[in-house]
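Predicted, not measured: the structure shown is a model, and the values here were computed from it. FYI, the numbering just counts along the sequence from 1.
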Amino acid sequence: MWIEARHFFSRADARDRCWLWLLREDGQVRVLVLPAHCPGKDALVVPVPRWSVSWGHPLLRAVRAFAEQLDAKVLDALGSLEVPVPFFGSVSNYNRLIRLPDPIRTHRLQALAEFPPLVAPLLLDVLNRPDLIGTGLSVSLC
């Protein structure tokens, strides 16, 4: 899924970049920030426009189509943890949960649902904000 910066930001330093969300065959997500050529492990797991757009807008259709391919239970678990700070809905946290075999994944999702303040900082990376700029990230798709 390809997202141009103009869909997200008005800041000059962000308009020079675009984002590419990749869904691998193993279910993991990778994000490239271009032209900086940096993957975004701390980026949002599903790109979300910062303003309300119509259901028919090409950007929203692309976001929905991409999100439908992801694990809904993992997205729901990360989405239920959404608070201003800390931030848990990252690509790295999605990938951490999606890689787990069942029943371990099921148990972790249950723990996140039942005891979020206690369990989330233990099981997931705690970030202060989603990284959409890609500053300081290494170049790797592995």
Can R96 and L123 be said to form a side chain to side chain contact (heavy atoms under 4.5 Å, CB included), step by step? CA-CA 9 Å; R96 176 175 289 170; L123 298 179; 5.9 Å; no
One pair to check against side chain to side chain contact (heavy atoms under 4.5 Å, CB included): L81 and L112. What are the steps and the verdict? CA-CA 8 Å; L81 300 172; L112 288 168; 4.3 Å; yes
V119 vs E114, test: side chain to side chain contact (heavy atoms under 4.5 Å, CB included). Steps then yes/no. CA-CA 9 Å; V119 175; E114 295 291 325; over 6 Å; no
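Of all heavy-atom pairs between P116 and P121, the closest is O-CD, 3.9 Å. Smallest separation of non-hydrogen atoms from L97 and L109: CD1-CD2, 4.1 Å. Of all heavy-atom pairs spanning G27 and Y94, the tightest one is O-CE2, 3.3 Å. Between S90 and L127, the shortest heavy-atom distance links the atoms CB-CD1, 3.6 Å. Between D125 and S92, the shortest heavy-atom contact is OD2-OG, 3.3 Å.
Atoms CG and CG, on D76 and L70 in that order, are 11.5 Å from each other to the nearest 0.5 Å.
Panel note: side chain N95, backbone V29; a donor-acceptor pair is recorded below 3.5 Å.
When side chains are defined from C-beta on, H107 does not count as touching L100, because their heavy atoms never get closer than 4.5 Å. No side-chain heavy atom of V31 sits less than 4.5 Å from a side-chain heavy atom of L22.
With hydrophobic clusters built from ILVMFWY side chains whose heavy atoms lie under 4.5 angstrom apart, L124 shares a cluster with L118.
Salt-bridge annotation for D71 and K73: absent, with no side-chain N of the basic residue lying under 4.0 Å from a carboxylate O of the acidic one.
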